[in-house]
There are 2 protein chains.
Amino acid sequence: MNPLDSARWPGSDPRTQDPCLGCAGKRFGICHPLDASALDEISHDSDRHCLPAKSVLFREGDAAARAFSVLEGTVKLSRLLPDGRQQVVGFRFRGDLVGYTAGPTYPFDAELLTPGQFCRIERGRLDTLLRRYPLMERRVLDLCLGELAATQEHLVTLARRSAESRVAAFLLGLSDAHRRRGLAQPELPMPMTRGDIGDFLGLTLETVSRTFTAFKRSGWIAEPGGQKLRILDMGMLQSLAAGEMADI
Amino acid sequence: MNPLDSARWPGSDPRTQDPCLGCAGKRFGICHPLDASALDEISHDSDRHCLPAKSVLFREGDAAARAFSVLEGTVKLSRLLPDGRQQVVGFRFRGDLVGYTAGPTYPFDAELLTPGQFCRIERGRLDTLLRRYPLMERRVLDLCLGELAATQEHLVTLARRSAESRVAAFLLGLSDAHRRRGLAQPELPMPMTRGDIGDFLGLTLETVSRTFTAFKRSGWIAEPGGQKLRILDMGMLQSLAAGEMADI
DNA sequence: CGACTTCTTGACCCACATCAACCGACGTGG
DNA sequence: CCACGTCGGTTGATGTGGGTCAAGAAGTCG
């Protein structure tokens, strides 16, 4: 399981869907398995809204009153540590469910890295819907299981891999997450900063920067600018991510 | 959320239950929210069995054909890395559900550290039961959400904390996990080896050993033998786990 | 008792953190 | 228009926490 991508798409190909039409009217995200009448009902319970980059969906510790289905954009989930630094728990993309948690409060901040669109639903309404539509609850369970597998995968990365292996794994994960959603573009958008990546991978931003330049010098990746990234040697990144040592 | 303890017990106190009676006949683990008739039905679908220490419930990559509800014992979940080392993803105790995963195969090994008892159920039967009993599916979702929160907590530990902070957090987590289940004993059982702990915390067994001896010399913990551990200065461990530096 | 596993302790070293300087892009206000 | 601040990124110099290697000690079990 890809540590960057917690989504699972049983039974249909997400690439054939138009995510921008959102919850109401389209089977997307958690609404994926619903039929027409259920979709009609849910459209009364949720609302869609757009937000600019850097806006905050919620903060760690806020009452977990709403869940968000990501229709478009990239979300950074992070946790503030006692010493003031942050740990990025994950990134979320379209189709992901954000903010449906076990406890009464959100366990992390959710912040937009790009402009985004969301389908927002009250926690209580969602719970009611889950009770009424077992297929939807099943879907949430699947999303949760997928997220769990992704987080465990990420755990292994943090615990055991070298800096270059982590960065390689991150790039591959990002690529995979985007390939499974939008069309496979040669240039994949990478809205996160070196600092974000470092906080995700348990490295400093300097180490991330050094590793990126090393990868670029070796001709394995390129950054054409505009927050885009192009992977030139997928195989090399894969063997790096797998732990094989490369003297850059 | 305690990174060692993914369990959540909504609505009732687990300490009043007799876990050894297991799934059939008692509301325990995933059967927790079921009524009598449902329990009767489930008893035909599951079977109970006992296993000695070091036995393997399943291996990474095996077809995920069965799920296990832990009635007694400690389970180590680990993943074999390409370089031959292992990453311990977590430990599971009584009341936890083991082996119910998103994918068609198990994503990690499950191995017993102590003799254990389990309620075993076929994956397909469990899926059927989940469809029939929404309360049970809801319970599985809650367990999954709890496990997710615990894994994310562990993620932070691995990414950011120092060796002594990790060990302190591990000890506190172990203590908490046991306090929430069995009676709070002054000596808590610790069946895992230094190597297991190191593989859980992303440290070498030598570093774990050194940290344990440092803690013992400082009088914060004691190991009376027999795989038992006694925490002498909980407050000190807490401030260590929180990241405050202590020159041991 | 001997075989085996686990634990401990020491010596050494390296990957990465830390500290610091600098660059270019961008926005803002005088 | 330029001066200035800010932010993200790059690069270098230096230090250190914990990995690695190695050798014994201490259980533990047949």
Side-chain angles (χ1 to χ4, degrees), chain A residues 52-54 76 81 83-88 111 113-114 157-168 190-218 221-229 240 243 245-248, chain B residues 52-54 76 81 83-87 111 113-115 157-168 170 190-217 221-229 240 243 245-248:
Chain A
K54 302 195 188 214
K76 177 179 80 175
L81 303 181
D83 61 3
R85 295 183 304 183
Q86 69 169 353
Q87 171 64 35
V88 172
E111 189 181 325
L113 295 182
T114 64
T157 299
L158 289 186
R160 291 294 173 184
R161 283 154 151 68
S162 70
E164 53 183 65
S165 175
R166 295 185 206 194
V167 173
M190 194 179 64
M192 47 291 275
T193 68
R194 307 295 192 226
D196 290 334
I197 300 170
D199 289 337
F200 179 61
L201 296 176
L203 299 170
T204 59
L205 66 91
E206 292 95 329
T207 302
V208 173
S209 176
R210 278 184 246 270
T211 311
F212 266 84
T213 46
F215 283 9
K216 280 188 279 192
R217 262 206 280 274
S218 302
I221 63 172
E223 284 185 297
Q227 309 211 316
K228 298 272 187 235
L229 183 125
L240 272 179
M245 235 37 209
D247 32 11
I248 306 186
Chain B
K54 301 195 190 212
K76 176 179 81 174
L81 303 180
D83 61 2
R85 296 182 304 182
Q86 70 169 352
Q87 170 65 35
E111 188 181 325
L113 295 181
T114 63
T157 300
L158 289 186
R160 292 293 173 185
R161 282 152 150 68
S162 69
E164 55 183 62
S165 176
R166 295 186 205 193
V167 174
F170 166 77
M190 194 179 65
M192 49 290 278
T193 69
R194 306 293 192 227
D196 290 333
I197 300 170
D199 289 336
F200 179 62
L201 296 176
L203 301 169
T204 59
L205 66 91
E206 292 95 329
T207 300
V208 174
S209 176
R210 277 185 247 268
T211 310
F212 265 84
T213 45
F215 283 10
K216 280 188 279 193
R217 263 206 280 273
I221 62 172
E223 285 186 295
Q227 309 210 316
K228 297 272 188 234
L229 182 125
L240 273 178
M245 235 38 208
D247 33 11
I248 306 187

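Every chain is numbered from 1, with letters handed out A, B, ... down the list of sequences.
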From [atom1] of [X] over to [atom2] of [N], roughly how many Å is that when rounded to an integer?
X: B:D196; N: C:dT6; atom1: CG; atom2: P; result: 8 Å
X: B:I197; N: C:dC7; atom1: CD1; atom2: C1'; result: 11 Å
X: B:D199; N: D:dG19; atom1: CG; atom2: C1'; result: 14 Å
X: B:R161; N: C:dC16; atom1: CZ; atom2: P; result: 21 Å
X: A:K54; N: C:dC26; atom1: NZ; atom2: C1'; result: 11 Å
X: A:D83; N: C:dA17; atom1: CG; atom2: P; result: 14 Å
X: B:M192; N: C:dC7; atom1: CE; atom2: P; result: 12 Å
X: B:Q227; N: D:dT28; atom1: CD; atom2: P; result: 8 Å

Just to be sure I understand the rule, does B:T204 reach a base, reach only the sugar-phosphate, or reach nothing, if contact means heavy atoms closer than 4.0 Å? base
NA contact type, B:G202, heavy-atom cut-off 4.0 Å: base, sugar-phosphate, or nothing? sugar-phosphate
For the NZ atom on B:K216, are there more than 12 heavy atoms of other groups (residues, nucleotides or ligands in this structure) within a distance under 6.0 Å? yes
Distance-only polar pair, side chains of A:D199 and A:Q86, donor-acceptor under 3.5 Å: yes
With no hydrogens and no angle check, do the side chains of A:T204 and A:T207 hold a donor and an acceptor under 3.5 Å apart? yes
Taking OP1 and OP2 of C:dA15, is either one under 4.0 Å from a side-chain nitrogen or oxygen of A:S162? no
Sub-4.5 Å side-chain heavy-atom contact between B:R166 and B:R161: yes
Are any of the side-chain heavy atoms of B:R85 and A:R160 separated by less than 4.5 Å? yes
Would you confirm whether B:T211, through its side chain, and B:V167, through its main-chain N or O, come within 3.5 Å as a donor-acceptor pair? no
Any side-chain to backbone donor/acceptor pair from A:S218 onto A:A214? Under 3.5 Å, distance only. yes
Contact pattern, 5' to 3', of nucleotides 10-16 of chain D - B, S or - by protein heavy atom under 4.0 Å: BBBB---
